[in-house]
Number of protein chains: 2
Amino acid sequence: MGSKPLVRDLLKEKQAELTASERRLSAVLLEDSMVTGLQSITRLAEVAEVSTPTVIRLARKLGFDGYPDLQDAIRVELAERMKRPLAKLEAARDDARDHIVSRFVEAVSENINRTLDRLDLARFDTVAELLSDPARRLHLLGGRITRSNAHYFFNHLQIIRPHVLLMDSSPSVWPQSLLDMDDRSVLIVFDIRRYERELEKLARLAVGQGAEIVLFTDAWGSPIEKYAAHTFRAMVEVPSSWDSTLAINFVVEALVADIQSRSSGQSADRIAALENMLGASRIFRGN
Amino acid sequence: MGSKPLVRDLLKEKQAELTASERRLSAVLLEDSMVTGLQSITRLAEVAEVSTPTVIRLARKLGFDGYPDLQDAIRVELAERMKRPLAKLEAARDDARDHIVSRFVEAVSENINRTLDRLDLARFDTVAELLSDPARRLHLLGGRITRSNAHYFFNHLQIIRPHVLLMDSSPSVWPQSLLDMDDRSVLIVFDIRRYERELEKLARLAVGQGAEIVLFTDAWGSPIEKYAAHTFRAMVEVPSSWDSTLAINFVVEALVADIQSRSSGQSADRIAALENMLGASRIFRGN
DNA sequence: AATATCCTGTAACAATTTCTACAAACGCCG
DNA sequence: CGGCGTTTGTAGAAATTGTTACAGGATATT
């Protein structure tokens, strides 16, 4: 109910009945999601090169009481938008606040949140589409720690669609895979800190072959970034000697879900066929 | 250059040197990405249930000139965050709410929360201790989907301690591993729905050999539960055709952190040795 | 139990903000 | 060009905000 109209919409709606300088002001506000409107009226007026009364008059025209009233609305709106999706992980079951699990959940929740902050949805969609294209050949590769992530992604992709390959962990057999790459190939690389030189080398060569690179890395960014067409940065720090790849896995799982639904038509047959084979082999083994 | 530290990080960093009411205040700020800090000092103080001078004192402690200075920082930070991903998000705001990522994060958040609710910390500690015992031999095994989880766990355990084995995915070679199991063996199994009969069979045989079983499964519970000495149940449902193993991974990562710190004495040498070998092999490969 | 230290809020003060009244500037039409 | 309505800015009053000084109260220490 009472969902008060968004300030942005109000501005657009009333655009017609605004005067010249009011419009200049509204342009400034719209430009950066009205964050400028959280400053004092004086400063906002300065930025927009308008006088302070103009600001007040605009606020009134939009139906607000005065400038502070408008500010409140903007702030509420912003808070709504900032709301951290995972904010409510209840870290503190107070029986064990210091338990490793509690500290861990806090860090993980923060990691996923910040990863999401930085996640560009447009990029996500682009990549999902790219990886759904059955004409593409996908090669997956992980480092020492991230091999499991690569494996997870591979495992699912392989069920959903054809032409998915998990590259061997030993660099000595990479050249053979490289030979197969061309401009229809996509190389999906996982590389987090203690970045591995071999991975970078391979990435460079793959790009040379015409392959497109999708990179999953940490906040600091692997050197492979410069070759990558698409990069996902995830937060990995937790109270441990090890980095956490949960945030990376989160993105991967979301991608799997999206890719699956995009290619559900083709993959249904594929999965049915797979089920059949599994069933057959089970009978075969005489279980 | 001059990349000023984020207010959020400042708050976390100085958390230790904050007083009780300052911490109350900082909690309020962190809760909603500091949007509350854009109001007047009076209102912020009211929300946090502290006095206005406390707010100023906190601002100073963080290195700001005064409250307005802090506000400026918050605003800049917010504007920065609004800029990139939101330019696109703005156009299709309602889209974003329905975006797969948004739906996913909600489900994951719920999953981890509920998994934590059910997690018995005493059991967690027991298992951590069990898996830290260098006299034990650990065998890891995953199913079709959960093999990556087993692999992840294996990967880390193997670095931390000796006698860790990842069992082959093909049942035909399991008998050989079974032969090696006795009452000093621990079998770590991952089995979520579409429970696999082969896994159950192996579990039964392993118990017969005297091995202890640690099981990771979903909310409904794998048939292996009846053989398992310790069971972790995690929530796996997400808006996808696939189950999410993030909650399982969460428990695994927390275990890794705990086991690592328990055996840090012994594992330090092990890791150092490993680093050396990695370095050596890199030189050997002539990178 | 007494003392010292640190934490916290009250209250008065200073600075800044928002707002109003008024007048200058602009554009439009006869 | 002069009259008229509208738009815009200036300046000061009113209100609110941010800040400082100080004292009561809590906590730890001897």
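To find a chain, count down the sequence lines: A is the first, B the second, and so on, and within it residues start at 1. Hydrogens, waters and symmetry mates are skipped; everything else that's a heavy atom, side chains included, is used.
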Side chain to side chain contact (heavy atoms under 4.5 Å, CB included) with [X]: which residues, sequence neighbours excluded?
| X | answer |
| --- | --- |
| A:A128 | A:L255, A:D258, A:I259, A:R262 |
| B:R233 | B:T217, B:E225, B:T231 |
| B:N155 | A:S148, B:H151 |
| B:P53 | B:S51, B:R57 |

(request) Answer with base, sugar-phosphate or nothing: what part of the nucleic acid does B:V55 contact at a heavy-atom distance below 4.0 Å? (result)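 If one applies the 4.0 Å heavy-atom cut-off, B:V55 turns out to touch nothing in the nucleic acid.
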(request) Would you kindly give the CZ-to-C1' distance between A:R60 and C:dC19, to the nearest whole Å? (result) 7 Å
(request) Can you tell me the distance, in whole Å, between the CG atom of A:D65 and the C1' atom of C:dT20? (result) 15 Å
(message) Give the residues of residues 19-27 of chain B touching DNA chain C, defined as any heavy atom closer than 4.0 Å, sorted by residue number.
(response)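 Residues of residues 19-27 of chain B under 4.0 Å from DNA chain C: B:T19, B:A20, B:S21.
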(request) Looking only at non-hydrogen atoms, find the nearest pair between A:V238 and A:A107 and report the distance. (result) CG1-CB, 3.9 Å
(message) Any carboxylate oxygen within less than 4.0 angstrom of a Lys/Arg side-chain nitrogen, looking at B:R43 and A:D72?
(response)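 Yes.
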(request) At the 4.0 Å heavy-atom cut-off to chain B, mark where contacts on DNA chain D begin and end, going 5' to 3'. (result)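 Contact boundaries, 5' end first: D:dT17 to D:dT20.
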Among all residues two or more places apart in sequence or in another chain, which pass the side chain to side chain donor-acceptor pair (under 3.5 Å) test with [X]?
| X | answer |
| --- | --- |
| A:R23 | none |
| B:D133 | none |
| B:N249 | B:N149 |

(message) With nearest nucleotide decided by heavy atoms, which residue, B:D69 or B:R57, maps closer to the 5′ end of DNA chain D?
(response)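 Nearer the 5' end of the strand: B:D69.
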(request) Answer yes if the ring centres of B:H99 and B:F104 are under 6.0 angstrom apart, and no otherwise. (result) no
(message) For A:Y152, give me all partners under ring pair (Phe, Tyr, Trp, His ring centres under 6.0 Å), at least two apart in sequence or on another chain.
(response)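 Partners of A:Y152 under the ring pair (Phe, Tyr, Trp, His ring centres under 6.0 Å) test: A:H156.
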(request) Decide whether A:E22 and A:T19 meet the rule of one side-chain donor and one side-chain acceptor closer than 3.5 Å. (result) yes
(request) Mind grabbing the angle between the end helix axes of the helix from C:dT8-D:dA23 to C:dG30-D:dC1? Five pairs an end, 10° rounding. (result) 20°
(request) Indicate yes or no: at least one non-hydrogen side-chain atom of B:Q71 is less than 4.5 angstrom from one of A:Q39. (result) no
(message) For nucleotides 13-18 of chain C, give me one character per nucleotide, 5' to 3': B if any protein heavy atom sits under 4.0 Å from the base, S if the only such contacts are to the sugar-phosphate, - if neither.
(response) ----SS
